[in-house]
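Just so we're on the same page: letters track the sequence lines, and every chain starts at 1. What's counted below: heavy atoms across the whole structure, side chains too, no hydrogens, waters or symmetry copies.
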Number of protein chains: 2
Amino acid sequence: MTHNDAPGSKIPMVVIKRLPVYQRYLSELQKKEVERISSGELAAKIGITASQLRHDLSCFGNFGQQGYGYKVDDLLFEVNKILGLDHNIYMVLIGAGNLGRAVLSYPNFLSRGFIFKAAFDQKQPPVNLNIEGILVQPVRELESYLKEQLIDIGVITTPAANAQEIADILVAGGVRGIWNFAPISLKTPENVVVEHVHISESLLVLSYQLCHKGFGRLPVSY
Amino acid sequence: MTHNDAPGSKIPMVVIKRLPVYQRYLSELQKKEVERISSGELAAKIGITASQLRHDLSCFGNFGQQGYGYKVDDLLFEVNKILGLDHNIYMVLIGAGNLGRAVLSYPNFLSRGFIFKAAFDQKQPPVNLNIEGILVQPVRELESYLKEQLIDIGVITTPAANAQEIADILVAGGVRGIWNFAPISLKTPENVVVEHVHISESLLVLSYQLCHKGFGRLPVSY
DNA sequence: CTAACTTTGTTAAAAAAATAACAATCTTTA
DNA sequence: TAAAGATTGTTATTTTTTTAACAAAGTTAG
């Protein structure tokens, strides 16, 4: 047992970014009621090497059994715990346009412990406008709302022009993380974690690949 | 001049994934009418090393001038060309729900040459339903539409249950790339490029970081 | 025009990540 | 219960990626 959970120890970001992938495949297996899986089988499904999978997991602990593999339920439980999905995470969303509604109605949030407590929009929303069971309130209520409720993550789906202002309110209101869909870099204190979703980046990568096909093999090494 | 544009040469995927970032910052500079920039300045803005920026660019050519730096216009032009943004890319979207509408109305697509030619939805759309100037047609028209129009990329924003069926129609209709937002792995021939957008992955990374804050420093190395 | 700067592209070195190898040990089968 | 087989966790090796260093070449200022 040499896994890295000591204070100050560093887990590489490349490893952390693969955890959600493991979580997804394990959830699928659990849904199919598969009981056990070996690193070789799971890695093949994901499209990586068994070595990498075992190496990644060993950053966090020893979850397998020699000669047997991993119990799907147990490994998923552990991965969920690592990702912080073993307890509820409360969120608010600001910007109830198309994108905001899409995020609010994204499936599999609830089942993973992400709970939208409220949604806000700039325009005075129609009285009792409900999206996916969430009441949409005018954004001027956000500040006072955050004083009363403990919210972990603020989700910004407003136009870029309003995003910084919203971020400031969220930070002042005590959120610890911001999931930002607005195409603008937010300025926040160091203790607030921001994840910026750049949807179009993958479209440009797709464009690149289309553009550079046909030279024998793809000029891409993964 | 030793850059890599020979047939069969391989550009690392990590490099390709940074190109959209360069594109974005360069676009911003151009909008601000900045004429020239050095690798040091640009790298600082982006948050990488100058060395890495120059190294990445050198995969594709020599775009700078010693003692001067890069002309913003020229470098953006070159990066756009590398990404295939120097000509129009025609797209159709299937699934005109909240997510589909959000994608259709995403800003900066047109300016980069991405053009939605049509949108389709499972349900019989209201007569002449227009979203962002795009007529939404019933999805049974998709197959015949693709026979008449040359479409590069199909964008799937349907529920997971319909995604594979749509992908099959797109492939049969001759699209070369699929931008898939449905949470399901698509089976496609090798010559069709698929980019799968896993929106929630970055939320899980955010959750991880929130969960592991406070041990002195973040247990994350970037 | 010259000399002092600046900045690139490239090569070399260092660091990080992925893969391979294998002892340890658990499972399965007979 | 014992032997054969399977699979992990870990260490070693290889590969990839990042960073550093620097000669070459252009710029700027006087």
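- Contact annotation: B:R54 side-chain N/O to C:dG9 OP1/OP2 distance is not under 4.0 Å.
- In this structure, B:E78 atom CD and C:dG9 atom C1' are separated by 15 Å, rounded to whole Å.
- Phosphate contact (OP1/OP2 of C:dT7, side-chain N/O of B:S39, threshold under 4.0 Å): absent.
- Within the structure, a side-chain polar atom (N or O) of B:T49 is placed less than 4.0 Å from OP1 or OP2 of D:dT19.
- Rounded to whole Å, atom P of D:dT7 lies 18 Å from atom CG of A:N62.
- Residue A:S51 has no polar side-chain atom (N or O) positioned under 4.0 Å from OP1 or OP2 of C:dA20.
- A salt bridge between A:E201 and B:R24 is present, with a side-chain N of the basic residue lying under 4.0 Å from a carboxylate O of the acidic one.
- B:S38 comes within 4.0 angstrom of the backbone, heavy atoms only, and of no base.
- A donor-acceptor contact under 3.5 Å is not formed by the side chain of B:Q66 with the base of C:dT7.
- Remark: B:Q65 is not in phosphate contact with C:dT8, judged by side-chain N or O atoms under 4.0 Å from OP1 or OP2.
- OP1 or OP2 of C:dG9 has at least one side-chain nitrogen or oxygen of B:Y70 nearer than 4.0 Å.
- Residues A:Q52 and A:Y68 each lie close to DNA chain C; by heavy-atom proximity, the contact nearer the 5' end of the strand is made by A:Q52.
- Around CD of B:Q149, the count of heavy atoms belonging to other residues, nucleotides or ligands within 6.0 Å exceeds 12.
- Across the interface with DNA chain C, nearest-nucleotide mapping of A:H55 and A:G67 shows A:H55 to be the residue nearer the 5′ end.
- Checked for salt-bridge contact, B:E78 and B:K81 meet the test: a charged N lies under 4.0 Å from a carboxylate O.
- With C:dA18, C:dT27, D:dT18 as the candidates, the nucleotide lying closest to the side chain of A:R36 is C:dT27.
- In this structure, B:K45 forms no cation-pi arrangement with B:Y25, as its terminal cationic atom is not both closer than 6.0 Å to the ring centre and no more than 45° off the ring axis.
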